[in-house]
K.L.:
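Below is a structure I'd like to ask you about.
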Amino acid sequence: MFNKILIANRGEIALRVIRACKEMGIGSVAVHSTADADAMHVRMADESVCIGPPSGTLSYLSIPNIISACEITGAEAIHPGYGFLSENANFVQIIQDHGLTFIGPTADHINMMGDKITAKETMKNLGVPCVPGSPGGVPTVEEAMKISTEMGFPVIVKATAGGGGRGMKVAKTADDLEEAFRTARSESKAAFGNDEVYIEKYLTLPRHIEIQVFGDGKGKAVHLGERDCSLQRRHQKVLEECPSPVIDAATRAKIGKVCSDAVASINYAGAGTIEFLFENDEFFFIEMNTRLQVEHPVTEAVYGVDLVREQIIVAAGEPMSFEQENLVANGHSIECRINAEKVPEFRPSPGKISQFHAPGGLGVRMDSHIYDGYSIPPYYDSLIAKLIVHAPDRDAAFARLHRALGELIVDGVETTTPLHRALLEEPDVLSGNYDIHWLENWLESTTSLD
Ligand code: ADP
């Protein structure tokens, strides 16, 4: 096992990893920008190293600075968290070249899944159901038109290098296609330095359902059920739950096995998430994330596991402690992502927190790096807390979430808590009657956030 792990991240996820290290008796090293000198992850880690100025590019994304921090502190392994360098194959290669261990999959697997065309082709060959679409990249508008007409509109033009909802454009009819094609390409070129795009059938009323998988890198893999992340704004998840209200045990077992078999057969190591759109009782693969997800705590609650601990165990070359038959779902869990943003505009609201009170009690978990007097810097993601509840069933989980949101106090900055409180008043949310467009449609018509 490792003696010391460096966490190449900040915020709540850095805390999450430090907590696992402490419970495992492993030393932890925080890295931080000058803007984060007073951050909670710096205070909680055993050691810390300043790796640059506020700009993420010059600090949390600076590979040389992170490697130097490992050398200075003697850390043997790096946990990347999510975002930043977590899906950067070059980073993984450099870590290995320095005789260090990356806590996550291999550079090859990251490359395979990072390119969405290769990912789709791989998954299709492994028997995973995919969204119908172009067999590969589509280089010209003429070809895009031919494929879309054959498939039928609406279609979605997607960047093969895409991520974070960028480089994606919907063409409702043939008249929209040329513009969608050109915009997706130029957005992708600007964001990812690669203008290759492909085309998929646009599903009109799907849910977003993702399967948590975990592999030991030696041909063994398990699944830990699904998460329903259909409540989204601008392709960003807002509230997630496990299990999904629309997936029954037989469906879960079937799609779960397809996914765990797929990752087992490529010797995948560590945590991964296979994302699907789910429409008319059919699953359609859209992408695989080769890292820990923001919403992993709902799976941890329902399956009673520690995914970060398991990532560390597998990265250290020890046998995976999960066996499929021991992974039994228990109850229901919901996570709210709380951002420092003013609703209904979702305008970032950085600044000083004058008062913070975290909810507690049975079945309540609060993953957050904020504290009384903490100043939220304006440079990074606006996520300030994840409130996770766990209860015996879905209704009880919503009742618990309602109670916990009532206890939460964050003063001094605006947060998205009013959005979550308002969502819990909506019959569609409470009954699970929503698809990926529900939240945006609701935001357009609601007056409850004014
Ligand atoms: P990214 O990597 O940018 O997050 P994804 O491929 O995961 O992109 O898609 C993000 C979101 O975009 C999905 O959750 C869904 O809301 C929407 N989306 C993607 N592909 C389709 C499709 N074929 N039909 C309908 N919606 C889609």
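The shown structure was predicted, so the numbers you read here are calculated from the model rather than taken from an experiment. Numbering of ligands and ligand atoms starts at 1, following listing order.
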K.L.:
Ring centroids only, cut at 6.0 angstrom: are Tyr380 and Tyr60 within range, meaning strictly under it?
P.N.:
yes
K.L.:
Is ligand 1 under 4.0 Å from a heavy atom in the side chain of Lys158, in the backbone, in both, or in neither?
P.N.:
side chain
K.L.:
So is there a nitrogen or oxygen of Tyr202 less than 3.5 Å from a nitrogen or oxygen in ligand 1?
P.N.:
no
K.L.:
Which heavy atom of the protein is the closest neighbour of atom 12 (O) of ligand 1, given with residue, atom name and distance?
P.N.:
His235 ND1, 3.1 Å
K.L.:
Please list, chain by chain and in numerical order, all residues satisfying side chain to side chain donor-acceptor pair (under 3.5 Å) with Thr251, sequence neighbours excluded.
P.N.:
Asp248
K.L.:
Under 4.0 Å from a heavy atom of Glu275: give me the atoms of ligand 1 that qualify, with their elements.
P.N.:
7 (O)
K.L.:
Could you point out which residue of His208, Arg207, Glu241 forms a side chain to side chain contact (heavy atoms under 4.5 Å, CB included) with Cys229?
P.N.:
His208
K.L.:
Would you say the side-chain atoms of Glu226 pair up with the backbone N or O of Ser244, donor to acceptor, closer than 3.5 Å?
P.N.:
yes
K.L.:
Going by the atom numbers of ligand 1, which of them fall below 4.0 Å from some non-hydrogen atom of Leu203?
P.N.:
24 (N), 25 (C)
K.L.:
Show which atoms of ligand 1 fall inside a sub-4.0 Å distance from at least one heavy-atom site of His208.
P.N.:
14 (O)
K.L.:
Counting from 1, what ligand 1 atoms have a heavy atom of Gln232 closer than 4.0 Å?
P.N.:
14 (O), 16 (O)
K.L.:
Just need the protein heavy atom nearest to atom 3 (O) of ligand 1, so name the residue and atom and give the distance.
P.N.:
Gly165 N, 2.5 Å
K.L.:
Identify, for atom 13 (C) of ligand 1, the protein heavy atom at the shortest distance, and state residue, atom and that distance.
P.N.:
Ile286 CD1, 3.8 Å
K.L.:
Indicate yes or no for a side-chain donor-acceptor contact from Arg394 to the backbone of His332 under 3.5 Å, with no hydrogens or angles considered.
P.N.:
no
K.L.:
For the side chain of His41 and the backbone of Val31, is there at least one donor-acceptor N/O pair under 3.5 Å apart?
P.N.:
yes
K.L.:
Look only at the side chain of Thr160 and the backbone of Glu196, and say whether a donor-acceptor pair between them is shorter than 3.5 Å.
P.N.:
no
K.L.:
Atoms of ligand 1 less than 4.0 Å from Lys201 heavy atoms?
P.N.:
22 (C), 23 (N), 24 (N)
K.L.:
Can you list the ligand 1 atoms lying under 4.0 Å from a non-hydrogen atom of Lys116?
P.N.:
1 (P), 2 (O), 3 (O), 5 (P), 6 (O), 8 (O)
K.L.:
Counting N and O atoms only, with roles assigned by atom type, does the side chain of Asn125 sit under 3.5 Å from a partner on the main chain of Thr122, one being a donor and the other an acceptor?
P.N.:
no
K.L.:
Counting each atom of ligand 1 from 1 as listed, which ones have a heavy atom of Ile436 under 4.0 Å away?
P.N.:
15 (C), 16 (O), 26 (N)
K.L.:
Does Leu277 reach ligand 1 with a nitrogen or oxygen that is under 3.5 Å from one of the ligand's nitrogen or oxygen atoms?
P.N.:
no
K.L.:
Aromatic ring centroids of Phe278 and Phe283 under 6.0 Å?
P.N.:
yes
K.L.:
What are the atoms of ligand 1, with element, lying closer than 4.0 Å to any heavy atom of Glu287?
P.N.:
1 (P), 2 (O), 4 (O), 5 (P), 7 (O)
K.L.:
May I ask you to identify the nearest protein heavy atom to atom 10 (C) of ligand 1, giving residue, atom name and distance to one decimal place in Å?
P.N.:
Met168 CE, 3.9 Å
K.L.:
Using modelled atom types only, decide if a donor and an acceptor are shared between the side chain of Asp176 and the backbone of Lys172 within a distance under 3.5 Å.
P.N.:
yes
